[in-house]
Amino acid sequence: MALIRKESYVKKKRDISRDNTGATTILVICVMAVIMALSLGLFLTASVLLSTSGRTLAAEQSRILAASFSEEVEEMLTSDRYSFSSWAAEEAGRVQNMAGNPMWYYIKYSISDGTWPYYDEEDTVVHSRENAIRTFQINRAETVGEVADIRLSIYWTRKDVNNRPDRLVVETTAVCKEQSCSIMDVYKLEVTPVGDYESWSWEHVERK
């Protein structure tokens, strides 16, 4: 009778030990699952923060580039070196600047010879956006180890029936790592007759 009780006690002890082992295993698995979930959450959070930081940096770089080129274009159009008093002086200046960036000359000559139509938002043919807006791709620029694309979109509007611009609109767009920034500049044309010559000068009136 005592032997039976002893065997029963040992069996119960083994069952309890087995139950404890199973419970411990389940507890360990649960703890590991929680740790893995927390680790994954931290990893995802870090990835989101890194991605957001990268986009913020790229957006700032594109803004700086757009602002820089916008100011450079303003210098190209409003510089005193384009204040000519005769055709001969203008032509001499054009020849001298052929190796540089003759934007001022390109705009004046393209408008004056009638090859560049003015923009009219109500016109869907000759003076439509497709025909009137000219886009120029600037050489890709290096910025803090990244490559950025810069482009200029330019059009002009007419105030009356003559073929003289009222406003020139230049939109500068910089794109860095899929983040872009655009700055729009508006210029007003002043035409001063000097004998049989028309002196053109651009005045910067708005930036947005």
Side-chain angles (χ1 to χ4, degrees), residues 51-84 93 97 100-192 198-208:
S51 177
T52 302
S53 177
R55 288 196 299 269
T56 300
L57 177 60
E60 180 64 13
Q61 289 175 345
S62 64
R63 185 193 66 80
I64 292 173
L65 275 174
S68 176
F69 271 81
S70 171
E71 293 172 357
E72 187 172 337
V73 170
E74 180 182 351
E75 169 63 19
M76 292 177 187
L77 295 177
T78 63
S79 174
D80 290 339
R81 66 176 178 270
Y82 301 121
S83 298
F84 304 111
N97 283 272
N101 193 337
M103 178 178 291
W104 188 93
Y105 302 97
Y106 172 83
I107 291 175
K108 181 176 182 182
Y109 290 3
S110 297
I111 294 175
S112 297
D113 65 13
T115 60
W116 187 354
Y118 62 87
Y119 172 59
D120 184 349
E121 60 182 8
E122 296 181 358
D123 194 322
T124 59
V125 187
V126 178
H127 303 287
S128 63
R129 292 183 60 88
E130 182 179 1
N131 291 329
I133 298 180
R134 298 196 173 182
T135 302
F136 305 88
Q137 193 75 25
I138 309 300
N139 291 335
R140 294 164 70 90
E142 296 287 344
T143 168
V144 196
E146 301 293 342
V147 178
D149 288 328
I150 301 171
R151 66 177 180 270
L152 300 177
S153 298
I154 309 175
Y155 67 88
W156 62 283
T157 60
R158 190 180 67 168
K159 186 175 183 179
D160 47 39
V161 295
N162 64 31
N163 199 36
R164 298 293 179 271
D166 174 48
R167 293 287 189 273
L168 180 75
V169 180
V170 181
E171 183 177 20
T172 305
T173 301
V175 182
C176 182
K177 295 181 68 174
E178 299 182 354
Q179 299 298 311
S180 66
C181 178
S182 296
I183 294 178
M184 183 174 292
D185 293 280
V186 181
Y187 299 86
K188 178 182 179 182
L189 177 65
E190 294 291 341
V191 178
T192 304
E198 287 187 347
S199 178
W200 283 28
S201 62
W202 295 102
E203 177 187 357
H204 186 266
V205 295
E206 186 179 6
R207 172 170 289 143
K208 57 183 179 180

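Side-chain atoms are counted along with the backbone in the values below, which use heavy atoms only and exclude waters and symmetry mates.
Between Asp149 atom CG and Cys176 atom SG the span is 9.5 Å, to the nearest 0.5 Å. Atom OG1 of Thr172 is separated from atom CD of Glu71 by 10.0 Å, given to the nearest 0.5 angstrom. In this structure, the separation between SG on Cys181 and CD on Gln61 is 12.5 Å, given to the nearest 0.5 Å. The distance from atom CD1 of Ile107 to atom OH of Tyr82, rounded to the nearest 0.5 Å, is 10.0 Å. Remark: Ser153 OG to Met184 CE distance equals 8.5 Å, nearest 0.5 Å. Residue Lys108 holds its NZ atom at 8.5 Å from CZ of Phe84, rounded to the nearest 0.5 Å.
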Quick one: side chains of residues 120-128, donor-acceptor pairs under 3.5 Å with protein atoms, not counting sequence neighbours, listed by atom name and distance.
unit_1	atom_1	unit_2	atom_2	d
Asp120	OD1	Glu122	N	3.0
Asp123	OD1	Val125	N	2.6
His127	ND1	Tyr118	O	2.9
Ser128	OG	Val125	O	3.0

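Asp185 places none of its side-chain heavy atoms less than 4.5 Å from the side chain of Val73. Between Trp200 and Ile111, some side-chain heavy-atom pair lies under the 4.5 Å cut-off. Between Met103 and Leu152 the shortest side-chain heavy-atom distance falls below 4.5 Å. At least one side-chain heavy atom of Arg81 sits less than 4.5 Å from a side-chain heavy atom of Glu75. Looking only at side-chain heavy atoms (C-beta outward), Glu198 and Ser112 stay at 4.5 Å or farther from each other. The shortest side-chain heavy-atom distance between Met76 and Trp104 does not fall under the 4.5 Å cut-off. Glu74 has its side chain within reach of Tyr187: a pair of non-hydrogen atoms, C-beta onward, lies under 4.5 Å apart.
Across every non-hydrogen atom of Ala174 and Ile150, the tightest pair is CB-CG1, 4.3 Å. Of all heavy-atom pairs between Ala66 and Ile183, the closest is C-CD1, 3.7 Å. Minimum interatomic distance between Tyr105 and Gly93 (heavy atoms only, all atoms of both residues): OH-C, 3.0 Å. Contact between Ser62 and Ser180 at its shortest, heavy atoms only, is OG-C, 3.8 Å.
The local environment of CZ in Arg207 is crowded, with over 12 non-hydrogen atoms from other residues, nucleotides or ligands closer than 6.0 Å.
Take Arg151 and apply the salt bridge (charged side-chain N to carboxylate O under 4.0 Å, His left out) test, not counting sequence neighbours, and it matches no residue. Judged as a salt bridge (charged side-chain N to carboxylate O under 4.0 Å, His left out), and not counting sequence neighbours, Glu203 has no contacts.
Salt bridge status for Lys188 with Glu206: absent, with no side-chain N to carboxylate O gap under 4.0 Å.
Checking side-chain atoms of Trp156 against main-chain N and O of Trp116 turns up a donor-acceptor pair under 3.5 Å. Looking at Ser110, its side chain never comes within 3.5 Å of a backbone N or O of Thr115 through a donor-acceptor pair.
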